[in-house]
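Below is one structure, written out as structure tokens; the observations come after it.
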Amino acid sequence: MLNPIPNQIDRLDFQKTFSDHQETAVRWRSSTLEERSARLVKLRNWIKENQNLIRKALWEDFRKPEPEVDLSEIFPVTSEINHTLRNLKDWMKPKSVSTPLSMIGTSGKIHFEPKGTALIISPWNFPFNLTVGPLVSALAAGCTAIIKPSELSPATSFLIQKMVKAVFPTNEVEVFLGEVEESQALLRLPFDHIFFTGSPAVGKIVMKAAAEHLSSVTLELGGKSPAIIDASADLNDAAGKLIWGKFVNCGQTCIAPDYILVHESQKERLLMELKVFLQKFYDPAFKGIENSRDYARIIGPKHFERLSDHLEDAISKGATLDFGGKTDKSSFYFEPTILTSISEDMSVFQGEIFGPILPILTFSTIEEAIGMVNSKPKPLALYYFGKESENSEKVVRETSSGNVVLNDCVIHFLHNNLPFGGVNNSGIGKAHGHEGFLAFSNEKGVLTQRIGLNNVTLLRPPYGVKAKQIISTLIKWF
Ligand SMILES: NC(=O)c1ccc[n+]([C@@H]2O[C@H](COP(=O)([O-])OP(=O)(O)OC[C@H]3O[C@@H](n4cnc5c(N)ncnc54)[C@H](O)[C@@H]3O)[C@@H](O)[C@H]2O)c1
């Protein structure tokens, strides 16, 4: 049974902690590489020494299998820290820029100043990774952080609080547990940057609150990420990758393939391959997927009901149940489920599914597939499986999404050198590696006047003929 997070709104002094963070942020404006690195090393040490506690918390929250915790919660964070430690010196160094002809005699540099106080609001679905990952970027950039993890993954949220208490003074990093009320109380404070990961609906609330103080935002949101399976795809290869990408974390992954668009000539073979992999991954001994230790559970009753409604709605409107469909409310078990004969009026065709239901639709030309993707809000990720570069290039060129992966899915999350994030409905701003560092940094242009151009005085009032001539020359030639 999950530990509910108590309502803390009356007990917590958000304003006091925030003021302390503002003071720290002023001191940290000139923090050195050594100081920032030391914070990251301390954090990494705690994580390495407490891996078992992390595994235990995630098992308690939604029976997340240990190897999935290691791969998708611990490794991405330790890898983010290692990558940052290797590159931080270079990222922090002011960068010289070339001088335009009209500015000759000056020099320009970009300084990377910490934005200051950061607020990190995180979701429940990868609760450790998606809370600590942004914290790494905030610390690398020299920001303080107040964290509000999700109330739906309480065991992990309590553990994050314990970790932060052990590693950082409260005036540097602090965790406030709570629900919507606590989150909104924090959003009323004038943070310098807000890093939010969650649904597009709450993303809009966060952005409105940020507008009140003109706080900058990074919004890591969700959406319907399509997987296009072209006629030329290696179906066996694609099916194995799709089943893993869709059903890891019980389908509760922001970048999971939400639905499949398969070329009509390959639908039946793809279906067969998908079923083979489901059996192989989760039920090799034919004892029932519910007995697999490698398949997680739905996070709680609200999401279980939401997914059950999706399934019921699709079946009642004529969808074919090709695999799965079994559920058990008492344990939040939801069998991996594949649906075909999908129509536009079904809810699985409309909003983000965010669970283990995989609808399969068909297309006859690549233009039709692109048209279907473009008829929906821009997704967080788009996957294309196929061997024809002409088609894959067309898909990359003619669709818009946060990221694209060709011939695989989900794994781009682990690539530290690629910007990660969405576009419009699926997000604003990018995360991970250098992009994460930049999200928490103010790129401050610093111009130095070196030799001084005497004739600049001619540009000052009262403006004479000479000034007009110089300005016309500037417009004409520079
Ligand atoms: N882009 C990404 O990296 C990414 C990663 C994981 C999840 N997601 C998305 O997150 C969503 C699922 O996560 P979730 O259910 O935790 O999202 P959510 O938006 O319901 O909640 C996220 C956080 O916001 C807080 N919150 C909820 N309602 C609020 C409100 N009205 N005002 C202020 N704060 C509020 C919650 O307490 C939680 O900490 C999916 O849409 C998924 O695609 C995106």
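For ligands, and for the atoms within them, numbers begin at 1 and follow the listed sequence. Predicted, not measured: the structure shown is a model, and the values here were computed from it.
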Within reach of ligand 1, part of [X] (heavy-atom separation under 4.0 Å):
| X | result |
| --- | --- |
| Ser122 | backbone |
| Leu380 | side chain |
| Asn125 | side chain |
| Phe126 | neither |
| Ile255 | neither |

Please work out which of Cys254, Pro149, Ala381 has its closest non-hydrogen atom nearest to atom 4 (C) of ligand 1.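 Comparing heavy atoms across Cys254, Pro149, Ala381, the nearest one to atom 4 (C) of ligand 1 lies in Cys254.
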
On a heavy-atom basis, I'd like to know which of Ser157, Gly198, Ala185, Gly351 is closest to atom 10 (O) of ligand 1. Gly198

Quick one: look up the protein heavy atom nearest [atom] and list residue, atom name and how far away it is.
| atom | answer |
| --- | --- |
| atom 36 (C) of ligand 1 | Glu151 OE1, 3.6 Å |
| atom 22 (C) of ligand 1 | Thr197 O, 3.7 Å |
| atom 27 (C) of ligand 1 | Val202 CG2, 3.9 Å |
| atom 34 (N) of ligand 1 | Ser183 OG, 2.7 Å |
| atom 3 (O) of ligand 1 | Phe420 CE2, 3.4 Å |
| atom 17 (O) of ligand 1 | Ser199 N, 3.5 Å |
| atom 1 (N) of ligand 1 | Leu221 O, 2.6 Å |
| atom 41 (O) of ligand 1 | Glu352 OE1, 2.8 Å |

Distance-only polar pair, side chains of Ser225 and Asp258, donor-acceptor under 3.5 Å: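 Asp258 and Ser225 do not have a side-chain donor-acceptor pair below 3.5 Å.
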
Checking side-chain contact (heavy atoms from CB on, under 4.5 Å) for the pair Ile120/Phe196: CA distance, chi angles, key distance, verdict? CA-CA 6 Å; Ile120 296 171; Phe196 170 80; over 6 Å; no

Run the ring-centre check on [X] versus [Y] and record whether the distance is less than 6.0 Å.
| X | Y | result |
| --- | --- | --- |
| Phe281 | Tyr295 | no |
| Phe413 | Phe420 | yes |
| Trp91 | Phe440 | no |

Centre of Trp28's six-membered ring, under 6.0 Å away, within 45 degrees of the axis: is that where NZ or CZ of Arg39 sits?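 Cation-pi check for Arg39 and Trp28: passes.
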
Lys224 to Phe349, cation-pi by 6.0 Å centre distance and 45° axis angle: no

Output all residues satisfying side-chain contact (heavy atoms from CB on, under 4.5 Å) with Val175, sequence neighbours left out; order by chain, then residue number. Ile147, Pro149, Ile160, Gln161, Val164, Leu177

Between Phe437 and Phe112, what is the ring plane arrangement, given parallel below 30°, perpendicular above 60°, and tilted in between? tilted

Evaluate the 4.0 Å heavy atom contact test for atom 15 (O) of ligand 1: does a protein atom fall under the cut-off? yes

